[in-house]
Amino acid sequence: MTKDISVGAGAGLVAALLFGVLLKATTLAILLYLLAPLPILIVGLGWSHRAALAAVVAGALALALFISPPLGLAFAAYLAVPAWWLAYLALLGRPGAEDAIEWYPTGHLLAWVAGTAALAFVAIAVIASPDYDTFRSQLSAMSRRVVQVQVQRGRIPAPAQTENKADSAGTPAPQPGDEAPDSDSKSNDLAGEVADALATVAPGLAGQGLTVLFTFYLWAAARIVQISGRLLRPWPDLPSTIMPRTALLVFAAALALAMLPGYAGVLGIALIGAFSAAFALQGLAAFHDRSRGRPGRFALLAGLYVLLFLTQGVAMLALILFGIADTALDRRRPRARSGA
């Protein structure tokens, strides 16, 4: 146990260093920051969840002492604790038939990835802005900047520009103090509405992104540990992943929660986005699963990924609906399968 804790503490310091370089605000710093959860997941999957917990404590304390306490708290809430929790769940097991271990199902793990991603976003939001009104104003300001960029790129109509001279029909140009043309107000209203809508759905987009990232982190860490020969559980059959039907209840509860004001509504929207991403990943897994043994499987899968890339995520809606239907109908049954 002492060795696990020392290894975990070292991994936590590495994770804290990767997280702390984000303050440099360079491209390389951002890339290194994105790797921060991996050391914690690796020691959690390769040694024990106690090693991952030691990594959480060591990394958070190092950032709190040498940089600032809020940064240490942000590291723990946003990345370190979620990484420890997912590693802990991945290694859960119980005795089954013939003394075989029944490992925690990947479908349940995927549901927890989504829930953890939503909670992590809300946690970092509360830490950054305990007052909801401040958080909302900051989110609105960021959304307006994004919309301004889209206006500059021509994706949103820009306000019409008036000239201080008569037009071709001899009509005098508008003078200072005159009312702005109707096209100006319409364009400004459109940009404002887009900014407000973006600020509202931003927690959902963040939940989606974190769900995909946490899923990738967990997969990458497990692969690294497997290659080293330290992975305690056998590699799961990922295409057979299917979330429990309780995920649908959580999704429905999130829709109701999103109607509430304050951070409760933010949590609801984040859960909607996170579970949408999880259902999309399950839909992708189901497509892999159902295509096994079919002729032209490679072409089918390649076509799906090309379609996802070309439509810039529009086809993701079909995958989300496919994943929801897959969970609701539960027509796939666990059975012995070869890895894919």
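Because the structure is predicted, anything quoted here is derived from the model rather than measured. Count residues from 1 along the sequence.
Taking the six-membered ring for Trp and the full ring otherwise, the centers of F135 and Y263 sit less than 6.0 Å from each other.
Around OH of Y88, the count of heavy atoms belonging to other residues, nucleotides or ligands within 6.0 Å does not exceed 12.
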Scan the side chains in residues 202-218 for donor-acceptor partners under 3.5 Å anywhere in the protein, sequence neighbours excluded, and list what turns up.
| from | atom 1 | to | atom 2 | distance (Å) |
| --- | --- | --- | --- | --- |
| T211 | OG1 | G207 | O | 2.8 |
| T211 | OG1 | A274 | O | 3.4 |
| T215 | OG1 | T211 | O | 2.7 |
| Y217 | OH | L34 | O | 2.5 |

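Screening D289, D326, T106 against Q282 for a side-chain hydrogen bond (donor to acceptor under 3.5 Å, both in side chains) leaves a single residue, D326.
Between the side chain of R294 and the main chain of R290, a donor-acceptor pair closer than 3.5 Å is present.
V225 and G46 make their closest contact through CG1-CA, 3.5 Å (heavy atoms, listed as atom of the first residue, atom of the second, distance).
For D4 and S48, the side-chain atoms include at least one donor-acceptor pair closer than 3.5 Å. Residues Q138 and S129 bring a donor and an acceptor atom of their side chains to less than 3.5 Å of each other.
For the pair R223 and W235, the cation-pi criterion (under 6.0 Å, within 45° of the ring axis) is fulfilled.
Listed by chain and number, the residues in a ring pair (Phe, Tyr, Trp, His ring centres under 6.0 Å) with Y33 are F19 (sequence neighbours excluded).
Here D237 pairs with R292 in a salt bridge; the nearest charged N to carboxylate O distance falls below 4.0 Å.
For the salt bridge (Lys or Arg N to Asp or Glu O under 4.0 Å) condition, no pair includes a residue of residues 271-285, sequence neighbours left out.
Remark: L317 CG to F322 CZ distance equals 14.0 Å, nearest 0.5 Å.
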